[in-house]
Amino acid sequence: MIDIKPLLIQIASQYILDPNGAHGLSHWGRVLENGLSLADIEGGDITVIHLFAIFHDACRHNQTVDPGHGARGAALVEELLGDLRLVNRKQLDLLTQACREHTDGKTQADLTVQICWDSDRLDLARVHIEPDPRCLCTDAAKTDRLREWANQRAIAKYIPPYVNIQWKPLFIR
Ligand SMILES: [Fe+2]
Ligand SMILES: [Fe+2]
């Protein structure tokens, strides 16, 4: 797995919102863990899934309706990873697509992209929306077991320990 700390430092330098907000760091951490749980069952590219968690909402301009934030996240991916030193061309293409289209409500895509979208949608209960299985992409995400696990963590606003220890200090300035 690649070292995401240098990327998080660059993401933090352009991040304009409260990192404690509904689309902030604890959401990114739960998205990451949702994605890894889905990948355990479905497969998929772990590097892309990991990077999606920290890029997809990195360029939000507000915590409510912001239709351009997926495209801006994809542009940041291009800016920071487009030299293909840390990811290969296929991973870059999957990651930019996953970020660009993550708010479009689509369910059909490459498995890795589907897992990225599901990982985000499985955290919707944090904003009082229970994810509808018909809006999820993968069989694993549609199971009661995974949805209930993710819903409980979303409602409790569970914060993975590394988010507070490793990620948050990078966003405090
Ligand atoms: Fe988003
Ligand atoms: Fe998100």
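All ligand and atom numbering here is 1-based and tracks the order in the structure. Counting begins at 1 with the first residue of the sequence. Keep in mind the model is a prediction, meaning the values are calculated, not measured. Computation of the quantities below employed the complete heavy-atom set of this structure, encompassing side-chain atoms and omitting hydrogens, waters and symmetry-equivalent molecules.
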**Study point:** is_close_aromatic(Trp167, Tyr15), centroid dist under 6.0 Å
**Key:** no
Practice item. Check the pair Leu136 / Arg147 against side chain to side chain contact (heavy atoms under 4.5 Å, CB included), numbers first and verdict last. Key: CA-CA 10 Å; Leu136 296 168; Arg147 278 188 300 113; 3.6 Å; yes
Exercise for review: Would you mind telling me which of His102, His50, His69, His23 makes a ring pair (Phe, Tyr, Trp, His ring centres under 6.0 Å) with His56?
Suggested key: His102
Point to revise | Spacing of CG belonging to Asp110 relative to CG belonging to Asp93, to within rounding of 0.5 Å | key: 10.5 Å
Point to revise | Derivation of the side chain to side chain contact (heavy atoms under 4.5 Å, CB included) call for Gln97 and Cys116 | key: CA-CA 10 Å; Gln97 184 196 355; Cys116 292; over 6 Å; no
**Study point:** Tally of protein N, O or S atoms, where distance to the Fe ion (ligand 1) is under 2.8 Å
**Key:** 3
Revision key, fill the gap. Residues Ile49 and Leu36: closest non-hydrogen pair is CG2-N, 4.2 Å
